[in-house]
Every structure is written in C-alpha cells, then in structure tokens.
Asks: 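One structure coming up, written as structure tokens, with questions to follow.
Since this is a predicted model, take the numbers as computed values, not measurements.
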Amino acid sequence: MDTQLTPDWWPSPAKLNLFLHILGRYPNGYHQLQSLFQMLDTGDRLAFSLNTTGDITVSPEIPGVNTEDNLVYRAASMLQRHCNVSQGVDILLDKQLPMGGGIGGGSSNAATTLVALNHYWQCKLSTDELAELGLTLGADVPIFVRGKTAFAGGVGEDIHPTTLPEQAYLVVFPGVHVGTAEVFGHPELPRDTPPMQWQDYEFESTHNDCQQIVCNAHPEVAKLLQWLVHYAPSRMTGTGACVFAKFETVSQASDVHKQLPSKWSGFVAKGMNISPLLLKLEQVSLI
C-alpha cells in the first residue's frame, strides 16, 4: 500500500446557526429557511493517506454507523466515482464534536473530505462543483465547502458570504440527541416567519424557530438555556441540541465555561469569517 508517512491533518470546523427562521414549505416538502452560519475555529480533524488499491477506508468506526452510511465514506466514494479516480484512500477521523448537536459535525466532515481529496486526487473541480456535489450529501455541506461565514436561504443552498465581528462563543452540549427529521416534521413547528433582508440582521431581532419545539421535547435543553442566558445572550443552534452563548472575548467565555455544571460538556471557540479548512487548502496549495 502506498501511504503517506506522516498523517497530514485537515480541520473539519464546527459551525453555529446564529439564527434559524422558517419561512414556509416548498411543494416537495423541504422547508424554506433563512439562517446565518458562523464558522468556528474548533472542530474535528481528518487525515488522508492515499493508496493504490482503490479501496476507501474510514477509521475508527463510529459506533452505530455503518461505514457505507458514514458521510466521510460517502463523500470520498462519490468524488472517486465522479472523477474516475483509480487511487483509494485511508481516512483517519479524529472526532471531537458531539453527534446530533446541530453544529455541523457530519456535514463538515464530508466537506473536508471533498476539499482534501479534490486536492490530493488532483480532480481540479471548482468550489461551485464541489459544493454542488456536497449538496447531494446534505444541505449544510456546501456551506462548509465554501468555508465562509454566510447568510443562507432556500433549503440552505442560496449562500451570501458576509463578515462579522470575530466574537467568542461558549458552545454547550446538554447530553441529549435531537433528530433533525423529528424537529422539521413536528406539526407545531412555526413555518410562517416573515423573510428578512440580510443587511437588516441583528442578533437581538432574530430567533431560532426550532428552539421551543426542542425545549418542549427535551427539558434538559430548556434548563441549559435558562442557565446560560444569565451570563450572555444565548440560543440553540440549528435543530439542536447544542446551545451557545456569545461573548466579546475568549476570556469571558472561558470564565463561564469554568462554571459549567459537570452534567454538561462544552467548549470555547472563536468565530472566524474564513474557515480553518479554507486556510489549510491555501497552505497546501502553496507547497
């Protein structure tokens, strides 16, 4: 097997949905959304070792997830077929982000796989082409492929990059798992929030339409929000279950993190307008 001697780690950053408005529903059943994706400097990481067998492996295995269903495997396999690549790859996944947390773990892993293997396999696909491929894996994958903090509309594919003050965030996982389908299929989910103009965005004038549904179904999320909001403006991200509080500085976020009850796990991260994945791609492209 032809492998690289030293694993070259690629970042797979987390994201936050600073707000999530549901405007309505399309005839195909998908929801029409508006959201603001904030890229973070923290997340998982992946390493890629090319092989000549043509096989794709992902290790370690994720408990309860078949390899063929793993988004990392699916992304690599799809790109290999799409670009008619004869090489295979052995992928190491260093998983740090909680699954089912609404902070983009699986989607970000898939995007990192597409971006890294497009580079290693010399597929020469453009960012637009990679994002289009990524959309078939999940609505959030294109945002990670493009790698910029951005407003998103439609089902998440209508992306408008933006620049935000690079604030600090305390992201907390309440220890419960929330299924996206469970939330979007709920009969009481609000689906009539009026559309807003991106230039009118203010955190205080936005909200997360999924938050109350999740809090009703998972009281632990509600308890966490009640605890966090005493310290800073707080909100659930995506369809949950992670909750975030925003601060001006990493030091402020770290102070609250130290007071976090032991039943919850969390991390402090800094918002970035350009994703660590994009910075890594720029770095390796110069070599």
Asks: Show your reasoning for whether side chain to side chain contact (heavy atoms under 4.5 Å, CB included) applies to Trp121 and Val89.
Replies: CA-CA 10 Å; Trp121 283 340; Val89 64; 3.9 Å; yes
Asks: If we only count heavy atoms from C-beta on, is the Met196 to Thr206 side-chain gap below 4.5 Å?
Replies: yes
Asks: For residues 275-287, which residue pairs pass the side chain to side chain donor-acceptor pair (under 3.5 Å) check, not counting sequence neighbours?
Replies: Asp8-Lys280
Asks: Given side chain to side chain contact (heavy atoms under 4.5 Å, CB included), test Val284 with Trp10 step by step and report yes or no.
Replies: CA-CA 10 Å; Val284 299; Trp10 287 67; 3.6 Å; yes
Asks: So how far is it from Leu46 CG to Leu92 CG, rounded to the nearest 0.5 Å?
Replies: 8.5 Å
Asks: In terms of relative ring orientation, are Tyr120 and Phe48 parallel, tilted or perpendicular, with 30° and 60° separating the classes?
Replies: tilted
Asks: Measuring only between side-chain heavy atoms, which start at C-beta, is Gln32 closer than 4.5 Å to Tyr26?
Replies: yes
Asks: Between Thr136 (side chain) and Leu133 (backbone), is there a donor-acceptor pair under 3.5 Å?
Replies: yes
Asks: Tell me whether Lys148 at atom NZ has more than 12 heavy atoms from other residues, nucleotides or ligands lying less than 6.0 Å away.
Replies: no
Asks: I need the Gln226 CD to Cys215 SG distance, nearest 0.5 Å.
Replies: 8.0 Å
Asks: State, to 0.1 Å, how close Phe173 and Ala241 come at their nearest heavy-atom pair, and which atoms those are.
Replies: CE1-CB, 4.4 Å
Asks: With rounding to the nearest 0.5 angstrom, report the CG to OG1 distance, Leu97 to Thr42.
Replies: 8.5 Å
Asks: Just wondering, do Lys246 and Leu18 contact through their side chains at under 4.5 Å, heavy atoms?
Replies: no
Asks: Quick check: is Leu93 connected to Phe267 through a chain of hydrophobic side chains (ILVMFWY, heavy atoms under 4.5 Å apart)?
Replies: no
Asks: Using the rule that two of Ile, Leu, Val, Met, Phe, Trp, Tyr join whenever any of their side-chain heavy atoms come within less than 4.5 Å, decide whether Phe151 and Leu20 are in one cluster.
Replies: no
Asks: Check for a donor-acceptor pair, side chain of Asn109 on one end and backbone N or O of Gly105 on the other, with a separation under 3.5 Å.
Replies: yes
Asks: Side chains of Thr57 and Asn51, heavy atoms from C-beta outward: is any pair under 4.5 Å?
Replies: no
Asks: Between Gln80 (side chain only) and Gly54 (backbone N and O only), is there a donor and an acceptor less than 3.5 Å apart?
Replies: yes
Asks: Check whether Val183 and Val243 end up in the same hydrophobic cluster, where Ile, Leu, Val, Met, Phe, Trp and Tyr are linked by side-chain heavy atoms less than 4.5 Å apart.
Replies: yes
Asks: How far does NE2 of His186 sit from CD1 of Ile213, to the nearest 0.5 angstrom?
Replies: 4.5 Å
Asks: Got more than 12 heavy atoms from elsewhere within 6.0 Å of CD, Glu68?
Replies: yes
Asks: Is a side-chain donor or acceptor of Asp94 paired with a backbone partner of Arg45 at a separation under 3.5 angstrom?
Replies: no
Asks: For His207, is there any backbone N or O sitting under 3.5 Å from a side-chain donor or acceptor partner on His21?
Replies: yes
Asks: Check whether more than 12 heavy atoms from other residues, nucleotides or ligands sit under 6.0 Å from atom CD of Glu182, and answer yes or no.
Replies: yes
Asks: According to a 4.5 Å side-chain heavy-atom criterion applied to Ile, Leu, Val, Met, Phe, Trp and Tyr, with indirect links allowed, do Val141 and Leu117 form part of one hydrophobic cluster?
Replies: yes
Asks: On a heavy-atom basis, which atom in Ile103 and which in Cys242 lie closest, and how many Å separate them?
Replies: CG2-CB, 3.9 Å
Asks: Under a plain distance cut-off of 3.5 Å, with no hydrogens placed, do Asp90 and Ser49 share a side-chain donor-acceptor pair?
Replies: no
Asks: Could you pull out the closest heavy-atom pair between Asp44 and Lys95, with the gap in Å?
Replies: OD2-NZ, 2.8 Å
Asks: Describe, in one word, how the ring planes of Trp264 and Trp227 are oriented to each other, choosing from parallel (under 30°), tilted (30 to 60°) and perpendicular (over 60°).
Replies: perpendicular
Asks: Pairs in or reaching into residues 61-107: which pass ring pair (Phe, Tyr, Trp, His ring centres under 6.0 Å), with residues at least two apart or in two chains?
Replies: none
Asks: So, for Leu260 and Ser265, which heavy atoms are closest and what is the spacing to 0.1 Å?
Replies: CD2-C, 4.0 Å
Asks: Should Leu79 and Leu125 be marked as a side chain to side chain contact (heavy atoms under 4.5 Å, CB included) after you check the CA-CA gap, both sets of side-chain angles, and the distance that decides it?
Replies: CA-CA 10 Å; Leu79 188 66; Leu125 296 184; 3.7 Å; yes
Asks: Counting neighbours of CD on Glu166 that are heavy atoms of other residues, nucleotides or ligands and sit closer than 6.0 Å, is the number greater than 12?
Replies: yes
Asks: For a quick test of reading the model, state the closest non-hydrogen atom pair linking Ile22 to Pro190 and the distance between them.
Replies: CB-O, 3.5 Å
Asks: Checking Gln259 against Asp255: is there a side-chain donor and acceptor pair closer than 3.5 Å?
Replies: no
Asks: Counting only N and O atoms by type, is there a donor-acceptor contact under 3.5 Å from the side chain of Thr112 to the main-chain atoms of Pro11?
Replies: yes
Asks: Give, for atom CE of Met272 and atom OG1 of Thr149, the distance between the pair rounded to the nearest 0.5 Å.
Replies: 9.0 Å
Asks: With no hydrogens and no angle check, do the side chains of Thr163 and Asn273 hold a donor and an acceptor under 3.5 Å apart?
Replies: no
Asks: Check whether any side-chain N or O of Lys124 sits under 3.5 Å from a backbone N or O of His119 as a donor-acceptor pair, and report yes or no.
Replies: no
Asks: Treating Ser108 as the side-chain partner and Pro13 as the backbone partner, does any N or O pair qualify as donor plus acceptor under 3.5 Å?
Replies: yes
Asks: Can you find a pair of side-chain heavy atoms, one from Tyr231 and one from Leu170, that are under 4.5 Å apart?
Replies: no
Asks: Nearest 0.5 Å please: distance from the CG atom of Leu71 over to the CE atom of Met78.
Replies: 9.5 Å
Asks: With side chains defined as the heavy atoms from C-beta onward, is the minimum distance between Leu278 and Arg146 less than 4.5 Å?
Replies: no
Asks: List for me each residue that meets salt bridge (charged side-chain N to carboxylate O under 4.0 Å, His left out) alongside Lys263, sequence neighbours excluded, and say none if there are none.
Replies: Glu220
Asks: Is there a side chain to side chain contact (heavy atoms under 4.5 Å, CB included) between Gln38 and Leu36 once you walk through the steps?
Replies: CA-CA 6 Å; Gln38 170 68 73; Leu36 174 52; 5.7 Å; no
Asks: Which of parallel (below 30°), tilted (30 to 60°) and perpendicular (above 60°) describes Phe244 and Phe203?
Replies: perpendicular
Asks: Between Asn17 and Asn208, is there a side-chain heavy-atom distance shorter than 4.5 Å?
Replies: no
Asks: Does Gln122 CD have over 12 foreign heavy atoms under 6.0 Å away?
Replies: no
Asks: With no hydrogens and no angle check, is any side-chain donor or acceptor of Gln252 less than 3.5 Å from a backbone partner on Glu248?
Replies: yes
Asks: Minimum heavy-atom separation for Asp41 to Pro276, with atom names?
Replies: CA-CG, 4.0 Å
Asks: In terms of the angle between their ring planes, are Trp198 and Phe19 parallel, tilted or perpendicular, with boundaries placed at 30° and 60°?
Replies: tilted
Asks: Taking the side chain as everything from C-beta on, heavy atoms only, tell me whether Leu225 gets closer than 4.5 Å to Gln211.
Replies: yes
Asks: So if you build clusters from Ile, Leu, Val, Met, Phe, Trp, Tyr with side-chain heavy-atom gaps below 4.5 Å, do Ile159 and Leu130 land together?
Replies: no
